[in-house]
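So the structure is just underneath, and the comments pick up after that.
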Amino acid sequence: MNEPLLEIKNLYVNFNQGEKTIEAVRGANLKIYEGEILGLVGESGSGKSVTALSVTRLLPSSAEITKGEILFDGREIFKLSEEQLRNIRGAKVSYVFQDPATSLNPVFTIGEQLVETIRLHQGSKENETFDTAVGLLKDVGMPSAKEVMFSYPHQLSGGMKQRVMIAMAISCRPKLLIADEPTTALDVTIQAQILELLEKLRKDLKLTVLLITHDLSIVAQVAEKTAVMQEGRIVEYGDTDMIYKKPSHPYTKKLIDCIPKIK
């Protein structure tokens with residue numbers, strides 16, 4: 001079998017709050033192979049986002065990685081310089097977060113923000129960058145893409161803003177897209193559209209996707225593999241169908257029991 005694109009080995013992350021230490025991640029192990037969608041599932045506070053931010057060392061100053069290894073594309077992340085990490089962040093590993101409203105600047109148009117992202121990483125000429133930005137919006141299924149370039153964030157719906165954030169994330173053609181609760185703030189119909197979009201981009205761009213969510217039913221729709229996280233530990237990992245149909249850990253069974261059943 002090929003080597004994983006991302007491998008997390010025995011990761012421990014603590015948060016230091018004065019004299020108190022909180023163990024956020026405790027011995028997490030995870031592998032993601034190129035071209036697959038892996039769902040990382042767990043309740044709020046289980047350590048999912050902390051694990052994801054550790055991949056590019058974007059943790060807050062109060063956090064400390066005390067043990068473990070992270071290998072991305074064969075490189076040991078903890079041994080890279082800050083300059084080497086900057087070449088990975090955005091360009092090779094991109095993030096999409098839960099609430100796009102907090103990530104988009106309200107005083108700039110969508111076009112200005114998207115163009116700036118592209119020029120930052122690609123250095124294209126202005127007219128080329130504008131056309132590239134419009135193309136990216138079309139790639140993520142944005143209706144009236146050219147008109148949206150001149151819109152401000154407050155003029156867009158939640159689903160449209162999330163499409164903008166995904167367009168920004170894929171603008172540099174990263175190898176790994178980390179989507180952290182990307183559908184939580186959206187209604188069910190838009191949620192399904194965003195999941196379909198992630199699946200389409202995975203196929204079209206040969207993306208690898210780490211999809212983080214508290215909802216096991218979401219990963220069951222798009223992820224081949226699923227990892228279940230509880231209190232900082234990966235308690236179950238394997239094929240999504242097997243985990244969904246025959247969970248082995250009591251916590252996974254609890255998550256499945258929480259999924260609304262259609263009567």
Interatomic spacing from CG in Asp73 to CD1 in Ile88 - rounded to 0.5 Å: 8.0 Å
Sidechain-backbone polar pair: Thr183 side chain, Gln191 backbone, donor-acceptor under 3.5 Å: no
Separation of Leu38 CG from Leu5 CG (nearest 0.5 Å): 11.5 Å
Chi angles and distances behind the salt bridge (charged side-chain N to carboxylate O under 4.0 Å, His left out) call for Glu23, Arg233: CA-CA 10 Å; Glu23 295 179 313; Arg233 294 188 176 94; over 6 Å; no
Joint hydrophobic cluster, Leu177 plus Leu6, side-chain heavy atoms closer than 4.5 Å: no
Spacing of Gln98 atom CD and Leu186 atom CG [to the nearest 0.5 Å]: 9.5 Å
Short side-chain to backbone donor-acceptor contact, Arg163 and Met142, under 3.5 Å: no
Under 3.5 Å donor-acceptor, Asn16 side chain and Thr21 backbone: no
Interatomic distance, Met149 atom CE to Ile110 atom CD1 [nearest 0.5 angstrom]: 9.5 Å
Residues, nucleotides or ligands: over 12 heavy atoms within 6.0 Å of Glu83 CD: no
Joint cluster assignment, Leu210 & Tyr33, ILVMFWY side-chain distance < 4.5 Å: no
Backbone N/O of Ile118 and side chain of Ser171: donor-acceptor pair under 3.5 Å: no
Salt bridge present between Arg89 and Glu82 (N-O < 4.0 angstrom): yes
Verdict with reasoning, Leu195 to Glu199, per side chain to side chain contact (heavy atoms under 4.5 Å, CB included): CA-CA 6 Å; Leu195 292 175; Glu199 173 66 19; over 6 Å; no
Aromatic ring pairing Tyr251/His249, orientation class (parallel under 30°, perpendicular over 60°, tilted between): perpendicular
Asp239 side chain to Asp241 backbone, donor-acceptor under 3.5 Å: no
Phe72 side, atom CZ; Thr208 side, atom OG1 - distance, nearest 0.5 Å: 8.0 Å
Rounded distance [0.5 Å steps], CG in Leu197 versus CD1 in Ile166: 4.5 Å
CZ (Phe78) with more than 12 external heavy atoms under 6.0 Å: yes
Check: His214 main-chain N/O paired with Glu181 side-chain donor or acceptor under 3.5 Å: yes
Under 3.5 Å: donor-acceptor pair, side chain of Glu7, backbone of Lys31: no
Joint hydrophobic cluster, Ile234 plus Leu216, side-chain heavy atoms closer than 4.5 Å: no
Verdict with supporting geometry, Met160 and Val148, side chain to side chain contact (heavy atoms under 4.5 Å, CB included): CA-CA 9 Å; Met160 292 172 78; Val148 167; 3.9 Å; yes
Any donor-acceptor N/O pair, Lys48 side chain to Glu43 backbone, under 3.5 Å: yes
NZ/NE/NH1/NH2 to OD/OE distance under 4.0 Å, Arg26 and Glu231: yes
Expected output: side-chain Gln113 to main-chain Leu104 donor-acceptor under 3.5 Å: no
